[in-house]
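Chain A is the first sequence line, chain B the second, and so forth, proteins listed ahead of strands; every chain is numbered from 1.
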Number of protein chains: 2
Amino acid sequence: MKAEGTCKDCGRINEVLSRVGDRWSMLIIISLGTYNVLRFNELKRILGISQRMLSLTLRELERDGMVNRTYHPTIPPKVEYALTPLGESIRAPLRQIGDWALDNLPAIDAARARYDAQKELERESA
Amino acid sequence: MKAEGTCKDCGRINEVLSRVGDRWSMLIIISLGTYNVLRFNELKRILGISQRMLSLTLRELERDGMVNRTYHPTIPPKVEYALTPLGESIRAPLRQIGDWALDNLPAIDAARARYDAQKELERESA
DNA sequence: CGGAATCCTTCACGATACTG
DNA sequence: CAGTATCGTGAAGGATTCCG
């Protein structure tokens, strides 16, 4: 039972947001946006991601049409990854969130400090 | 070992993005943005979320200063949740992603269909 | 009504080893 | 080099029960 009471596309939108909000997908998109083209092990080294997760995440991104995979049948083999136009197009809204995060991290940290201090007081008075 | 090779704030930004990308956090923010004020069980009913996850997620959002919790010591008790200004402020960038998702869902679906069909062909030829 | 505590299952993820 | 396959663990999340 899903019960998306808000709107009927919320499920799909959330699906996309989950993909974007996913740790590795986002970092891969950012990296490819920055370097344009990267090989498998370059991404692996840059992100500090396990082979397994990199392989899985890249496959998802490729399937969703966000990333282009180019296989060069040389020896040793060489595989290059780049953003598709679709992948490029998500960078702008992604940056919006990133900018918001940067702008509001201090506020979030302050809120957390307040919250934790308050809870601490409540616990002492018990 | 975290190894954020991209930028030093990437860890924190990703933290925020994970919160936003999280299924329930996002849906709660959207719901509170739509209805302004909601009680615990109203949110529960609207979202089809378990008590446990709703409680945990609301606490996180409150701690981060995104959501305001108001306790009315009546009988029976009544607790109301609403967005703080900080919570309100994330709605705009969130909408950007939502709009992107809506606009590009057909492209994503098409890409998936292409990908799956291609993989199917490859498997047949084996 | 609005939670907190407990239990239990699933699975996301990393580490490791193997292959073309 | 660029993966796939397998295994083990911790954490996420639902169901249930109890409490102020």
Worksheet item: Ignoring hydrogens and geometry, is there a side-chain-to-backbone donor-acceptor pair from B:Thr84 to B:Gly65 under 3.5 Å?
Response: yes

Worksheet, complete the sentence: Under a 4.0 Å heavy-atom cutoff, the residues of residues 60-79 of chain A touching DNA chain D are A:Arg69, A:Pro76, A:Pro77, A:Lys78, A:Val79

Worksheet item: Is any side-chain heavy atom of A:Met66 closer than 4.5 Å to a side-chain heavy atom of A:Leu83?
Response: no

Fill in: Donor-acceptor contact below 3.5 Å, side chain B:Ser55 vs main chain B:Gln51
no

Worksheet item: With the threshold set at 4.0 Å, does a side-chain nitrogen-carboxylate oxygen contact exist between B:Glu62 and B:Arg59?
Response: no

Measure all distances between protein nitrogen or oxygen atoms and nitrogen or oxygen atoms of nucleotides 13-17 of chain C, and list the pairs falling under 3.5 Å.
unit_1 : atom_1 : unit_2  : atom_2 : d
C:dG14 : OP2    : A:Ser50 : OG     : 3.2
C:dG14 : O6     : A:Arg52 : NE     : 3.3

Fill in: For DNA chain C, the dot-bracket pattern of Watson-Crick and G-U pairs whose distances stay under 3.5 Å, | for other-strand partners
.|||||||||||||||||||

Worksheet item: Going by heavy atoms in the side chains, are B:Gln118 and B:Glu122 under 4.5 Å from each other?
Response: yes

Worksheet item: Are any of the side-chain heavy atoms of A:Ile49 and A:Leu43 separated by less than 4.5 Å?
Response: no

Worksheet item: Is there a side-chain contact between B:Arg112 and A:Asp64, using heavy atoms and a 4.5 Å cut-off?
Response: yes

Fill in: Partners meeting side-chain contact (heavy atoms from CB on, under 4.5 Å) with B:Thr57 (sequence neighbours left out)
B:Asp22, B:Trp24, B:Ser25, B:Ile28, B:Met53, B:Leu61

Worksheet, complete the sentence: Contacted region of DNA chain D by chain A, from 5' end to 3' end of the hits, cut-off under 4.0 Å to heavy atoms, spans D:dC1 to D:dT6

Practice prompt. Report yes if some heavy atom in the side chain of A:Lys119 is under 4.5 Å from a heavy atom in the side chain of A:Leu121; otherwise report no.
Written response: no

Worksheet item: Taking only residues at least two apart or on different chains, which pairs with a member in residues 97-107 of chain A satisfy side-chain hydrogen bond (donor to acceptor under 3.5 Å, both in side chains)?
Response: A:Trp100-B:Ser89

Worksheet item: For B:Leu56 and C:dT6, what is the distance between atoms CG and C1' respectively, to the nearest whole Å?
Response: 13 Å

Item to complete: Mind calculating the distance between CG (B:Leu54) and C1' (C:dG2) to the nearest angstrom?
Response: 10 Å

Discussion item. Are A:Glu80 and A:Leu38 packed together at the side-chain level, in the sense that at least one heavy-atom pair is separated by less than 4.5 angstrom?
Written reply: no

Worksheet entry | Main-chain N/O of B:Arg39 paired to B:Glu42 side chain as donor or acceptor, under 3.5 Å | yes

Worksheet item: Side-chain contact, heavy-atom cut-off 4.5 Å: B:Phe40 with B:Leu54?
Response: yes

